> 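Handing you a structure now.
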Protein chains: 2
Amino acid sequence: MAGTSFAEKTETRLDNAERLCAAHGSRLTDLRRQVLGLVLEAARPVGAYDLLDGLRADKKGAAPPTVYRALDFLLEEGLIHKIERLSAFVGCTHALDGSHTEAGHPHAAQFLICTGCGQVTELDDHGILHALVDATRHIGFTVRHSTVEAEGLCAACRDAATA
Amino acid sequence: MAGTSFAEKTETRLDNAERLCAAHGSRLTDLRRQVLGLVLEAARPVGAYDLLDGLRADKKGAAPPTVYRALDFLLEEGLIHKIERLSAFVGCTHALDGSHTEAGHPHAAQFLICTGCGQVTELDDHGILHALVDATRHIGFTVRHSTVEAEGLCAACRDAATA
DNA sequence: TCAAAATACGTTATAATGTAACATATTTGA
DNA sequence: TCAAATATGTTACATTATAACGTATTTTGA
Ligand SMILES: [Zn+2]
Ligand SMILES: [Zn+2]
Ligand SMILES: [Zn+2]
Ligand SMILES: [Zn+2]
């Protein structure tokens with residue numbers, strides 16, 4: 001009926017997402033919920049075609065527009081982010097786990113991509129955003145949306161490398 | 001012989017690029033010089049396949065790997081940057097115009113993309129980089145490379161919009 | 001100088017990512 | 001209940017990028 005079922009933790013986050021959508025007057029349909037679930041269950045950023053494979057376990061013959069439309073919706077609702085350098089998607093921890101029940105609108109975030117283990121960490125650092133706005137204001141540029149992605153090594157991978 | 005010839009200003013920058021390469025022990029070959037010239041003459045970020053079309057004016061039958069290899073070289077030399085959100089390339093003003101004759105190695109930069117006119121401005125703002133490093137250090141993440149791209153309106157387009 | 005090694009380029013084929021366009025189904029609201 | 005809006009299915013295609021292998025050129029050192 002509602003397709004695949006996910007781990008409990010994921011279902012909790014999906015329920016959070018559903019509430020956020022309802023609060024915006026939008027609908028987290030079964031399909032969108034399923035795609036979001038697939039994103040959340042992945043330990044790492046997932047590509048659109050990996051999601052498509054996941055979807056096909058349930059809905060044979062699903063085609064790219066199906067997954068891209070769901071992703072567009074989830075991006076607009078601020079439930080996921082796209083990592084541009086990887087052409088891949090991650091759940092928004094801010095919206096789905098945070099105590100910020102008011103969240104769910106697109107927000108500025110920063111992503112730390114570990115080239116060792118592939119993990120991506122989401123930051124929501126005001127200092128970075130301020131520095132960006134400061135630097136752009138005095139040349140008259142108005143920032144509407146920002147992409148900040150850093151590649152490097154997480155603490156665990158750095159320790160493993162120097163050991 | 002050396003393919004297309006470019007505007008004087010471009011040739012000057014190409015000569016700068018050639019000096020930077022020589023200083024690194026690498027070679028700005030005719031092909032690479034031509035691709036860099038095409039990037040520099042474009043008023044805006046250029047896609048790889050637009051560059052390929054440009055190349056074909058001179059070398060009929062050129063294929064994608066030709067242009068991608070040249071782009072890879074130019075990226076490694078720090079002579080151009082890739083704008084991830086646009087899958088397109090721009091010359092590095094820092095390396096090619098700057099008084100920084102020591103430049104030419106990849107450096108952290110920030111890009112302001114105007115959605116009105118398509119112009120891209122390169123910043124080299126230490127405050128942004130510091131904010132990023134500060135925010136990541138205390139969670140043990142080591143930044144190796146950063147991508148910072150902001151979309152919005154440049155001063156001219158903002159004025160035109162509010163007029 | 002000349003051959004071996006390294007570097008750069010040519011060529012073909014294909015992978016990976018993303019959309020346009022139009023048909024059908026479902027939901028919403030008067 | 002029926003029209004409008006929203007969501008999904010389906011086909012075909014556009015765009016971006018790379019793998020693999022062969023040839024040409026340049027560099028290096030004997
Ligand atoms: Zn977020
Ligand atoms: Zn790691
Ligand atoms: Zn630069
Ligand atoms: Zn503008």
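Chain A is the first sequence line, chain B the second, and so forth, proteins listed ahead of strands; every chain is numbered from 1. None of the values given here were measured: they were computed from a predicted structure.
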> Can you tell me which nucleotide in C/dT28, C/dT19, C/dG10 comes closest to the side chain of B/L31?
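Of all the options, the side chain of B/L31 is nearest to C/dG10.
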> Whole angstroms only, please: what is the CG-C1' distance between B/L52 and C/dT12?
14 Å
> Tell me the interatomic distance from A/H24, atom NE2, to D/dT6, atom P, rounded to whole angstroms.
17 Å
> Please report, rounded to the nearest Å, how far the C1' atom of C/dT17 is from the CG atom of A/D50.
12 Å
> Calculate the interatomic distance between A/F89 atom CZ and C/dT17 atom C1'; express it in whole Å.
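After rounding, the reported distance stands at 9 Å.
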> Ignoring the backbone of A/P65, work out which of D/dT10, C/dG18, C/dT12 is nearest its side chain.
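Looking only at side-chain atoms, A/P65 lies closest to D/dT10.
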> For B/Y49 and B/T29, take the nucleotide of DNA chain C holding the closest heavy atom to each; which residue's nucleotide lies nearer the 5' end?
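Whichever sits nearer the 5' end wins; that is B/T29.
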> Looking at C/dG10, D/dA7, C/dG18, which one has an atom nearest to any side-chain atom of A/S87?
C/dG18
> Reckon B/T66 has a side-chain N or O less than 4.0 Å from the OP1 or OP2 of C/dC9?
no
> When you measure from the side chain of A/R27, which nucleotide among D/dA19, C/dC9, D/dA7 comes out closest?
D/dA7
> Might you point out which heavy atoms bring A/L96 and A/L79 nearest each other, and give the distance in Å?
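Distance-wise, the nearest heavy atoms are CD1-O, 3.7 Å.
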> Step by step, work out the side-chain hydrogen bond (donor to acceptor under 3.5 Å, both in side chains) result for B/R13 and B/N16.
CA-CA 5 Å; B/R13 294 161 106 193; B/N16 288 342; over 6 Å; no
> Test salt bridge (Lys or Arg N to Asp or Glu O under 4.0 Å) on B/D97 and B/K9; report intermediate values, then the result.
CA-CA 10 Å; B/D97 296 328; B/K9 182 181 176 186; 5.9 Å; no
> Is it true that B/D72 and B/R32 have a side-chain N and a carboxylate O under 4.0 angstrom from each other?
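Answer for the salt bridge query: no.
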> Separation of A/I83 atom CD1 from C/dA16 atom P, in whole Å?
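Going from CD1 in A/I83 over to P in C/dA16 covers 21 Å.
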> Classify the side chain of B/R69 and the base of C/dG10 as holding, or not holding, a donor-acceptor pair under 3.5 Å.
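Yes, the side chain and the base share a sub-3.5 Å donor-acceptor pair.
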> How long is the straight-line distance from OG1 of B/T147 back to CZ of A/R85, given to the nearest 0.5 Å?
4.0 Å
> Taking only side-chain nitrogens and oxygens of A/K60, does any of them come within less than 4.0 Å of OP1 or OP2 of D/dT10?
no
> Using whole Å, report how far CG of B/D53 lies from C1' of D/dA14.
14 Å
> Measure the distance from CG on A/L71 to C1' on D/dA7 and round it to the nearest whole Å.
15 Å
> Considering heavy-atom distances to DNA chain D, does A/F73 or A/A63 have its closest nucleotide positioned more toward the 5' end?
A/F73
> Rounded to the nearest Å, what distance is computed from the CG atom of residue A/L28 to the P atom of nucleotide D/dT6?
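Rounded to the whole Å, the gap is 17 Å.
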> Measure from the side-chain heavy atoms of B/Y68 and tell me the nearest of D/dT16, D/dA7, D/dT11.
D/dT16
